[in-house]
Amino acid sequence: MATSVMWFRRDLRLGDHPALHQAIAAGPDGVVPLFVLDDTLWTPRATTRVAYLSRLLAQLSDRIGGLHVVHGDPVAEVTRVARAAGATSVHVSADYAPYGARRDAAVEQALAEHGIALVRTGSPYAVAPGRVTKPDGTGFRVFTPWYRRWAEHGWRAPADRVDDAPWLRPTGRTHRIDEAPVPDGLTLPPLGEEAALERWHAFMDDDLPDYDTARDLPGPDRTSRMSVHLKWGSIHPRTMLADLATLSSSGSDAYTRELGFREFYADVLHQRPDSAFGYYDHAFEAMAYDHPGDDLEAWKTGQTGIPIVDAGMRQLRAEGWMHNRVRMIVASFLVKDLHLEWQHGARHFLDLLADADLASNQHGWQWVAGSGTDASPYFRVFNPMTQGKKFDPDGRYVRRWVPELADVPAKHVHTPWEMAEPPAGYPAPIVDHAEERAESLRRYDAIRAGR
């Protein structure tokens, strides 16, 4: 009897799933559909992700007639389940994140002691991290030449959908999939493979043609909202790239480039796993930073008195998501107006984002902080009022998330303190941007002088 284990992780779908095809080929007499609740990732701090993932697992379990869920150390649990099923192989989509790579190496070693193979097939990316290199074999740190090489490298066509598999439910303990509580005031994004495909097709029909110009406007919000589906593997980027390849427009080109950024940051993190929580450019370790206090709490709760910043932080709490242009604005405010290290903001995003992707999140923050690859120069400090007026000119986005400013005219919606009678109930700015910009540049000049 030939059986195998399909260990699901960030690939919770049945379409375009190479590892699942391999599991079926290796286990014609039965494939155990396994998910391990790992305390390293299943953390109570990440309330949004845990709430979303618990529902996503329950949905997948219903679709396949029962997902075998266990809770504990993956090294022990994967080995136990594979042995109980008499499996000769465990199949996964390769994980290139720092923790995932270490975990898989440990699981592989434990399985090998019992004559069971860990088989890696595919990954969450169109091109696996580490594949795109310079001619000398080293990795890139600048996006544009990497992107050209990535596009030249190309990727395989999507794999066929699996409509039927010989699913096997081994005897023994399994963990009940309870829906984790949703934080107060939060509305979770749509979840699952069907929702991902439906959203993708609607976006291509309605918003992709103008994506290159409309993506920066948070008011109408014509972005794809596909990041959460990519995060959990409800859709594979190859599926999206295959659709984009049939089109020829500035919008499709811009969106392909955004998918490329996701893969670039995964490649960078694979090269430099220390950059997950440390500085990619170590020179910034010498920067003078402030200790977090009430200012950090005001930023987290959307009470800074800067409308576009507060709108973004309130959207994060309400939707587990934030418009990308606004992510850059609130990140710049934390690092360059409040003078706090980027890690404080990045951790908060990881806790509250439903689409929290380690590589994209951390290196997006480092880009803004000036310490990452292909970084925005540190001296490019986002002026949140100017950004608000440019990208939310009528205040539509601000009014949606900061109801205290609902009746403020567009002329003052991004600078309500300039009104003769500022709106009641909304705080005054906690900092003066011009002063803090000058202070940031002074601190940057100090580390530049020490290089």
Side-chain angles (χ1 to χ4, degrees), residues 96-98 125 129 132 139-148 150 212 215-216 218 223 227 230-231 254-287 289 299 308-309 312-313 316 321-350 352-353 355-384 386-387 390-391 436-437 440-441 443-444 447-448:
Y96 291 89
Y125 308 102
V132 177
F140 287 89
R141 65 163 293 162
V142 177
F143 174 73
T144 300
W146 178 92
Y147 180 72
R148 286 196 296 265
W150 175 77
D212 59 322
R215 60 181 172 162
D216 274 326
T223 57
S227 55
L230 286 164
K231 156 66 182 177
Y255 198 89
T256 300
R257 189 175 175 87
E258 291 303 305
L259 289 176
F261 263 114
R262 176 178 178 268
E263 306 225 339
F264 173 65
Y265 284 146
D267 187 78
V268 170
L269 185 60
H270 176 60
Q271 296 175 45
R272 286 278 307 277
D274 64 299
S275 66
F277 294 98
Y279 289 91
Y280 186 89
D281 183 343
H282 293 297
F284 282 81
E285 294 169 356
M287 177 83 80
Y289 298 100
W299 178 83
I308 192 76
V309 173
M313 299 310 295
L316 174 61
W321 186 85
M322 190 191 299
H323 189 277
N324 188 61
R325 166 59 57 172
V326 185
R327 293 190 197 201
M328 292 187 283
I329 296 169
V330 304
S332 179
F333 185 81
L334 180 89
V335 175
K336 298 174 184 178
D337 286 68
L338 301 184
H339 314 297
L340 300 178
E341 292 191 86
W342 66 267
Q343 294 93 331
H344 295 294
R347 287 192 183 96
H348 185 67
F349 271 33
L350 287 177
L352 268 62
L353 285 170
D355 67 358
D357 176 271
L358 183 68
S360 294
N361 186 66
Q362 308 305 83
H363 281 281
W365 271 91
Q366 294 225 52
W367 182 87
V368 172
S371 61
T373 57
D374 204 13
S376 171
Y378 186 85
F379 52 80
R380 184 183 296 158
V381 181
F382 281 65
N383 181 318
T386 302
Q387 290 281 308
K390 179 177 181 180
F391 296 109
E436 304 309 334
R437 178 182 184 276
S440 280
L441 297 181
R443 298 186 189 196
Y444 175 64
I447 68 164
R448 188 170 58 172

Residues passing the salt bridge (Lys or Arg N to Asp or Glu O under 4.0 Å) test with R262, sequence neighbours excluded, are none
State, yes or no, whether a side-chain contact exists between [X] and [Y] at a heavy-atom distance under 4.5 Å.
| X | Y | answer |
| --- | --- | --- |
| V335 | F284 | no |
| H282 | D274 | yes |
| L353 | R327 | yes |
| Q362 | S275 | no |
| F333 | L338 | yes |
| R215 | N324 | no |
| Y265 | T373 | yes |
| R141 | R272 | no |

Partners of [X] by side-chain contact (heavy atoms from CB on, under 4.5 Å), sequence neighbours excluded?
| X | value |
| --- | --- |
| P145 | F140, V142, R148 |
| R257 | F143, T144, Y147, F261 |
| A97 | D95 |
| D216 | R325, F391 |

Identify the heavy atoms of [X] and [Y] that sit nearest to each other, and give their distance.
| X | Y | answer |
| --- | --- | --- |
| M322 | G312 | CE-O, 3.2 Å |
| R380 | K336 | O-NZ, 3.3 Å |
| H344 | L340 | CD2-CB, 4.3 Å |
| P98 | L269 | CD-CD2, 3.7 Å |
| V326 | I308 | CG1-O, 3.8 Å |
| V309 | P384 | CG2-CB, 4.2 Å |

Does V268 form a side chain to side chain contact (heavy atoms under 4.5 Å, CB included) with W146? I'd like the steps, not just the answer. CA-CA 10 Å; V268 170; W146 178 92; over 6 Å; no
Between D355 and W321, does the side chain to side chain contact (heavy atoms under 4.5 Å, CB included) criterion hold? Intermediate values first, please. CA-CA 7 Å; D355 67 358; W321 186 85; 3.5 Å; yes
Let's go through W365 and L334 carefully: what are the C-alpha distance in whole Å and the side-chain angles of both, what is the deciding distance for side chain to side chain contact (heavy atoms under 4.5 Å, CB included) to 0.1 Å, and is it a yes or a no?
CA-CA 10 Å; W365 271 91; L334 180 89; 3.6 Å; yes
- prompt: Side chain of K231, backbone of D357: donor and acceptor closer than 3.5 Å?
  reply: no
Discussion item. Could you check whether any side-chain N or O of Q343 sits under 3.5 Å from a backbone N or O of A276, counting only pairs where one atom can act as donor and the other as acceptor?
Written reply: no
Over 60° means perpendicular and under 30° means parallel, so classify the ring planes of Y289 and Y279, tilted if in between.
parallel
Please verify the inter-ring angle class for W299 with F349; under 30° counts as parallel, over 60° as perpendicular, anything in between as tilted. parallel
Decide side chain to side chain contact (heavy atoms under 4.5 Å, CB included) for M328 and Q387; before the verdict, give the C-alpha distance in whole Å, the side-chain angles of both, and the deciding distance to 0.1 Å. CA-CA 10 Å; M328 292 187 283; Q387 290 281 308; over 6 Å; no
Sorted by chain and residue number, the ring pair (Phe, Tyr, Trp, His ring centres under 6.0 Å) partners of Y255 (sequence neighbours excluded) come out as W200, F203, Y211
